[in-house]
Structures are given as structure tokens and as C-alpha cells.
There are 2 protein chains.
Amino acid sequence: MSQSVSSRQPVTLAEVAREAGVSPSTVSRILNGTAQVKAAKVAQVKAAIEKLGYKPNAFARSLATGASGSVGVLTQDIASPFYGDALGGIESGLMGSGYSPLIISGHWRTDDEEHAIELFMSRRVEALIVLGGHLPEHELRQLAQQLPVAILGRRVDLPSAGSISLALDNQRAAYDVVNYLLDRGHRRIGHLSGPRDHADALARLAGYRQALEDRGFPFQPGLVVQGDFHEPSGLIGTQQLVAQHPDMTAIFSANDQMAYGARLALYRMGLRVPEDMSLVGFDDLPGSAYTTPPLTSVRQPMAEMGHWLARFVVAQLTGQEITPFQPQLELRLRESVAPRRLP
Amino acid sequence: MSQSVSSRQPVTLAEVAREAGVSPSTVSRILNGTAQVKAAKVAQVKAAIEKLGYKPNAFARSLATGASGSVGVLTQDIASPFYGDALGGIESGLMGSGYSPLIISGHWRTDDEEHAIELFMSRRVEALIVLGGHLPEHELRQLAQQLPVAILGRRVDLPSAGSISLALDNQRAAYDVVNYLLDRGHRRIGHLSGPRDHADALARLAGYRQALEDRGFPFQPGLVVQGDFHEPSGLIGTQQLVAQHPDMTAIFSANDQMAYGARLALYRMGLRVPEDMSLVGFDDLPGSAYTTPPLTSVRQPMAEMGHWLARFVVAQLTGQEITPFQPQLELRLRESVAPRRLP
DNA sequence: CTGTTAGCGCGTTCAA
DNA sequence: TTGAACGCGCTAACAG
């Protein structure tokens with residue numbers, strides 16, 4: 001019945017109008033439900049649309065209305081399981097809102113991030129969701145004056161109402177982890193830390209240190225090895241830690257990926273987890289519930305946060321209210337920690 | 001010096017022209033390098049752009065030129081480590097080409113995928129990259145008549161030059177895996193298969209079966225348990241397999257995630273890998289090199305494939321040549337397989 | 001309820 | 001080398 005010749009040139013609204021014998025505005029009204037139109041014409045127009053295979057041109061529409069219907073999402077690594085969860089949450093939060101995400105990766109490189117912002121602005125995104133990254137705060141603040149900005153994983157002061165930054169108390173979570181270990185009798189606890197220029201990594205290190213000191217155990221720099229948040233650095237760091245501290249009974253890794261590296265290093269050295277060495281990670285990656293043994297880790301509700309942030313910006317855009325949300329870090333107790341065996 | 005008041009309304013090219021005391025066309029020419037413009041005016045215009053904080057409106061430009069500069073990328077799950085790698089490759093393949101990706105997830109649901117396509121068309125993407133999914137072939141073919149289409153992970157006949165589908169020989173790889181196991185003396189090999197409606201899963205099962213039969217071992221349906229490509233199904237399937245087949249000495253999982261589940265099930269049952277049970281996965285996820293023991297798996301060069309596909313569509317769009325690419329599946333031998341111990 | 005008229009911001013003729 | 005005028009496809013204001 002309805003056959004559209006695969007024409008090279010897309011069909012326009014005007015052509016539909018001509019085909020249906022009505023004016024362009026009428027077609028537009030039907031498309032957008034802007035006004036009542038007689039049923040007969042509606043039918044004609046719908047038939048014409050079907051026959052011609054008409055697809056509205058989003059650019060023309062955006063140009064005319066001044067609304068792009070898209071929100072920019074700046075992530076750091078499109079393949080990251082960590083940010084991936086947040087992206088999934090954002091997608092679901094945007095679903096049905098009429099807005100669609102425009103996702104670009106910044107690769108933790110400021111100039112990549114700047115390019116992304118430029119692309120967002122030239123594409124006239126109506127709001128921005130930023131996952132981590134290194135964009136200078138003043139730039140974020142300036143953006144927040146132009147459109148709703150929602151930031152995940154960084155604490156940024158956004159004076160503008162309509163914008164927000166959602167960050168978790170990494171230091172507190174790390175503090176809790178170390179106390180948990182201390183409570184189980186561990187005294188010499190190694191720490192695989194993250195990059196020095198990464199705020200979360202620093203916060204976790206600070207929590208580690210503070211917990212120790214609050215309990216009266218001096219902080220020993222030698223028990224901290226710096227990694228880069230990837231598996232190999234965890235593996236190497238662990239080898240080093242074990243070699244230098246034979247009496248170490250637990251390792252707290254600043255993220256799960258490095259904990260995986262640590263796990264393998266221990267396996268190679270013939271050390272059992274948790275009997276010989278307790279291990280705690282951070283992030284609770286999907287795979288962490290299936291390592292052997294399942295890894296005790298700190299869960300960050302990335303998907304929920306992403307979802308809420310998406311709903312937040314939509315609420316700003318549509319002038320709705322949104323119930324506040326206080327995400328919580330949660331220590332997922334699994335099987336990679338055991339009480340210290342007395343010597 | 002250059003202060004742009006954070007005006008609500010974006011600056012337009014016309015305003016820049018007025019500020020610089022030239023005509024809009026001149027500004028346009030400078031922006032696009034379309035023609036020679038006197039140095040003095042160039043300076044004035046650049047100053048005006050700077051002063052006003054002008055950002056070109058991509059919609060208006062697209063409307064005028066008829067080119068959107070974007071390529072649609074249909075993935076299935078934005079948080080999937082598997083497709084994530086491909087997305088990363090696509091990003092890098094597009095980098096510097098002037099095109100930017102518009103990424104939407106189809107969630108393996110045909111109607112979500114249809115919506116994504118609609119959004120792509122209304123956003124006038126100039127090419128399409130499709131990662132897996134369930135879109136009917138005829139629809140893909142029809143799309144391929146309108147624009148370059150590159151498909152990953154499905155073998156689809158695209159008569160149109162300018163389009164392509166890149167798929168790996170999953171059956172062959174599975175065949176090789178099982179032969180590898182057979183060569184190591186394993187005779188009762190279990191298989192954790194994937195969803196019945198998933199072409200790759202079926203191909204892997206077929207390879208498993210064919211390898212067995214080609215070597216003179218009858219295919220036993222009881223040794224196959226169907227999963228859903230996620231960890232829990234691998235765990236449960238393995239428990240079931242082990243309970244029903246105490247003489248089984250190896251498990252071939254149709255993907256790594258299920259293999260992780262299997263690994264944990266074996267751990268819970270006190271079975272060692274690889275001493276008591278050999279285990280092989282498929283996909284070679286980033287984490288698979290760090291499981292204990294590291295998992296032998298089939299690597300799919302997702303990032304490379306994504307990269308090449310991106311370059312392919314860009315080549316189509318710009319009328320360049322591109323060197324062909326034949327991706328290869330590769331069995332990554334690690335430590336989760338051991339020769340069968342004689343009883 | 002519907003058609004006509006003006007733009008939306010930009011690129012691109014066509015003259016000058 | 002530059003400007004004026006027109007059009008890309010669509011929505012919105014204004015009549016009728």
C-alpha cells in the first residue's frame with residue numbers, strides 16, 4: 001500500500017502539505033498537536049505522511065522553536081564500566097521526557113573536554129550532565145549560568161539555582177572501610193591508592209589515613225603504593241607491598257580494578273584470600289560479586305545517581321519540582337575479608 | 001579584556017557582523033574559509049567573535065548546508081563492557097573526521113531500536129553504525145539505500161555498495177575452543193549457551209556441537225545448559241551441570257560473564273580451576289585477564305572493529321578509499337584450562 | 001478551524 | 001574582495 005520511493009532528498013513538510021491539499025501550518029499543527037484540526041484533514045495528512053515517508057527535520061524544528069531537545073552528557077570513557085552504569089541511569093532518567101542525550105567522552109583530558117563542551121554548545125544542548133573530569137570549576141560555574149548543569153562525582157560550588165553537583169563522601173567511605181578492617185583485628189593494612197590528580201583517589205587516601213590515626217595507629221607512607229586505577233598497577237603494587245611488609249594482613253584498594261590486580265598478584269604468590277590476606281575494593285563493579293572470593297567493596301549507586309541527575313535537569317527544564325536525593329555509599333560485605341589470625 | 005556577558009540568548013552571526021561592521025556573509029566566509037577576506041576585517045571579526053562569545057549554531061548551519069556532521073551509533077547497552085569497547089573504537093575512528101557520534105541504546109528491544117532509528121533520521125545523521133540488535137534485515141537494507149550503514153556483529157546482506165556488515169565467525173571460534181579442549185584430553189565438556197534468539201549464541205553452540213561430532217563424540221543435549229549471558233545464569237547452570245555430570249571435566253561458556261558465574265559456582269563447590277575443571281569463556285572481557293586463574297577466552301577485537309567501521313563510514317561520506325579489514329577471533333590461552341587428569 | 005506571512009541563524013548565489 | 005538577497009524546513013503570530 002504505502003510505498004515510499006527511496007528518494008535521495010528527504011521529504012519536507014511542504015511536500016506533505018501539497019500532497020494532502022492543505023497548508024504547511026495545518027500539517028505542523030497535526031504533527032505537534034498545537035491545535036484542533038478537522039478529522040478529515042488529519043486523515044489526509046496522515047496518509048500523505050505515510051505515502052511520502054515523511055520524517056520531520058529536527059534541525060529545522062529546533063531552529064524555529066529554539067529548543068534542541070537534547071542534553072549534553074560529558075563522560076570520561078565510554079567503555080568504562082563505572083561511568084557506563086551512570087550513563088545507563090541517565091538514559092533511563094531521560095526516557096519519555098522528550099529529551100535525548102548527546103554523549104561525548106572527555107578521556108580525562110581537559111582539551112577533549114573543552115571540545116566536547118564546544119560541540120554541546122554549538123548543538124545547543126539545553127542542559128549538561130558532567131561525569132567527573134577535569135574541567136576547571138570556574139568554567140563549570142559559567143556554564144551553569146547559561147543552562148542547568150548537573151555534575152556527578154565532583155563537589156563543585158554551583159551558586160546558580162537550577163544546577164547541582166552530586167558527590168559522595170569518599171573519604172568517609174574509606175574511613176569506614178579501614179575501621180571495618182581494624183575491627184577485624186587487622187593492624188598492618190596496605191593501601192593501593194589512585195592517581196594523585198584524582199579527587200576521589202585523594203579522598204580515599206585521606207579516609208584511610210584518618211581512620212588509622214583516629215584509632216591511634218600511625219600512618220605509614222610505606223604501606224601506600226600509588227597506582228593508576230587499572231589492574232596492572234594493582235598487581236605490581238601488591239607484589240611490592242607484600243615483599244616489603246611480610247606482616248601486612250589486609251589491603252584496601254582505592255578501586256576494584258586495582259583490587260583485581262591485587263587478587264591475581266596474591267594468587268600468584270600463593271597467598272589465599274581472605275585466609276592469608278584480606279582485600280577490599282571500591283566501586284563495586286558488576287564483576288566484583290563474582291570474583292573468587294566475591295570482593296568486599298564500596299558500592300557507589302552510579303545508575304541511581306545518573307537516573308536522578310537526568311530527572312533533575314529535566315525538572316529544571318520543564319519547571320517541575322523534584323524530590324531531593326542523597327546518594328549513599330555502601331560497604332558491600334562479601335567474602336574477601338576475614339578476621340586477622342593471631343600469629 | 002574579552003568579557004562576554006552571560007546573555008540568555010545566544011549570540012548570532014548577524015550580531016557579530018554588526019559588531020565588526022561587516023556583512024554577515026563576510027563573517028560566514030571567515031568562519032568557513034570559503035573565500036579570501038582582507039586581513040583587517042578578519043581581525044575585526046575575530047575580535048567581535050571573542051568579545052561576544054559567539055558560538056555558531058550547528059542547527060542553522062546544518063539546515064543551510066544540508067549536512068548534519070553526525071553519524072548515528074545504535075548500541076544495545078551503553079553500560080556493556082563488550083559494546084563499550086566498540087564504542088570507544090568508533091569514537092577514536094571518528095576523531096578528527098569532522099563527524100561526531102550520536103549514540104543511542106536499543107536494549108535488544110526492537111521497538112527501542114526503531115525509536116533510535118527514527119531519532120537518527122530526524123537528526124539527519126549522515127551514516128549509521130549498528131552494533132548487534134534485532135532490527136529486521138529488510139529494514140537495515142532499506143536504510144542502506146539512503147545512507148552508509150555499517151553493522152557489527154551481525155551478518156547482513158547489504159547489496160548497496162557503501163554499506164557493510166562485519167561479523168566474526170563465532171561458530172569457527174567455538175569449534176576451535178572445543179577442539180582445544182578435546183586435544184587436552186577432555187571428553188565430557190559442558191556448554192553454557194546464550195539466549196536462543198541471539199545469533200552469536202547459536203553459532204557458538206553450533207560450533208561446540210560440530211567439533212564434538214567431527215571428532216566422533218556424540219552431541220549430548222544434557223551437557224548444554226542455556227543461560228542469558230549474565231553471571232547468575234552461569235552460576236546456576238554450572239551447579240546444574242556439575243550435579244548431573246560428575247564426570248564432566250571442562251566447561252565452555254558462551255561468554256565471559258557466564259564463565260564468571262561458573263567460576264564462582266565451582267569455587268563454592270570446592271572444585272579447583274583448572275585442576276578439577278577446565279573453563280573457557282568467550283569475549284575476553286577486560287577483567288578476564290585478572291580472574292583467578294586468568295581465564296582462557298576468545299577475544300573479539302571490538303575496539304579495532306569499531307574503529308575500522310567508523311573510518312569506513314567516513315570514507316564513504318568523503319568518497320575516499322579504505323583498506324579492507326578482516327577481523328579475526330583469537331583464542332587467548334591463559335590458565336583456566338589444564339589437561340584432563342586420568343582417573 | 002485554517003491559510004498566509006514572518007522569521008529562526010546560517011551558507012550561498014549573484015552582482016557590484 | 002564584499003554585500004544584498006534568497007532559501008534551507010519548520011513553527012508561530014495573525015488574520016480570516
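A note on names: the letters A, B, ... follow the listed sequences, proteins ahead of strands, and every chain is numbered from 1. Keep in mind that the numbers below use all heavy atoms, side chains included, and drop hydrogens, waters and symmetry copies.
Side-chain contact of B/S25 with B/S28: a donor-acceptor pair under 3.5 Å is absent, judged by distance alone.
Over its full length, the helix from C/dC1-D/dG16 to C/dA16-D/dT1 turns its helical axis through 40°, comparing axes from the five pairs at each end and rounding to 10°.
Closest to the side chain of B/V37, from the set C/dC1, D/dT2, C/dC10, is D/dT2. With distances taken from any side-chain atom of A/N32 to the nucleotides C/dC10, D/dT11, D/dT2, the minimum falls on D/dT11. When each of C/dG3, D/dT11, C/dC10 is scored by its nearest atom to the side-chain atoms of B/T12, the top-ranked nucleotide is C/dC10. When each of C/dG11, D/dT2, C/dT2 is scored by its nearest atom to the side-chain atoms of B/T65, the top-ranked nucleotide is C/dG11.
Few gaps surround NE2 on A/H107; more than 12 heavy atoms of other groups in view lie less than 6.0 Å from it. For B/H115, the NE2 atom is loosely surrounded, since the number of other residues' heavy atoms within 6.0 Å does not exceed 12.
Interface remark: the A/R29 side chain does form a donor-acceptor pair with the C/dG3 base, using a distance-only criterion of under 3.5 Å.
Rounded to whole Å, atom P of C/dT12 lies 15 Å from atom CD1 of B/I30.
Summary of the strand contacts: A/A64 and B/L63 both lie near DNA chain D, and taking for each the nucleotide with the nearest heavy atom, the more 5' one is attributed to B/L63.
The nearest pair of heavy atoms linking B/L317 to B/A127 is CD2-CB, 3.9 Å. Nearest heavy atoms, A/T323 versus A/W308: O-NE1, 2.9 Å.
Looking at heavy-atom distances under 4.0 Å, B/S25 makes contact with a base.
The side chain of A/K41 contributes an N or O atom lying less than 4.0 Å from OP1 or OP2 of C/dG3.
Contact annotation: the side chain of A/L87 approaches that of A/L131 to within less than 4.5 Å [non-hydrogen atoms, C-beta and beyond].
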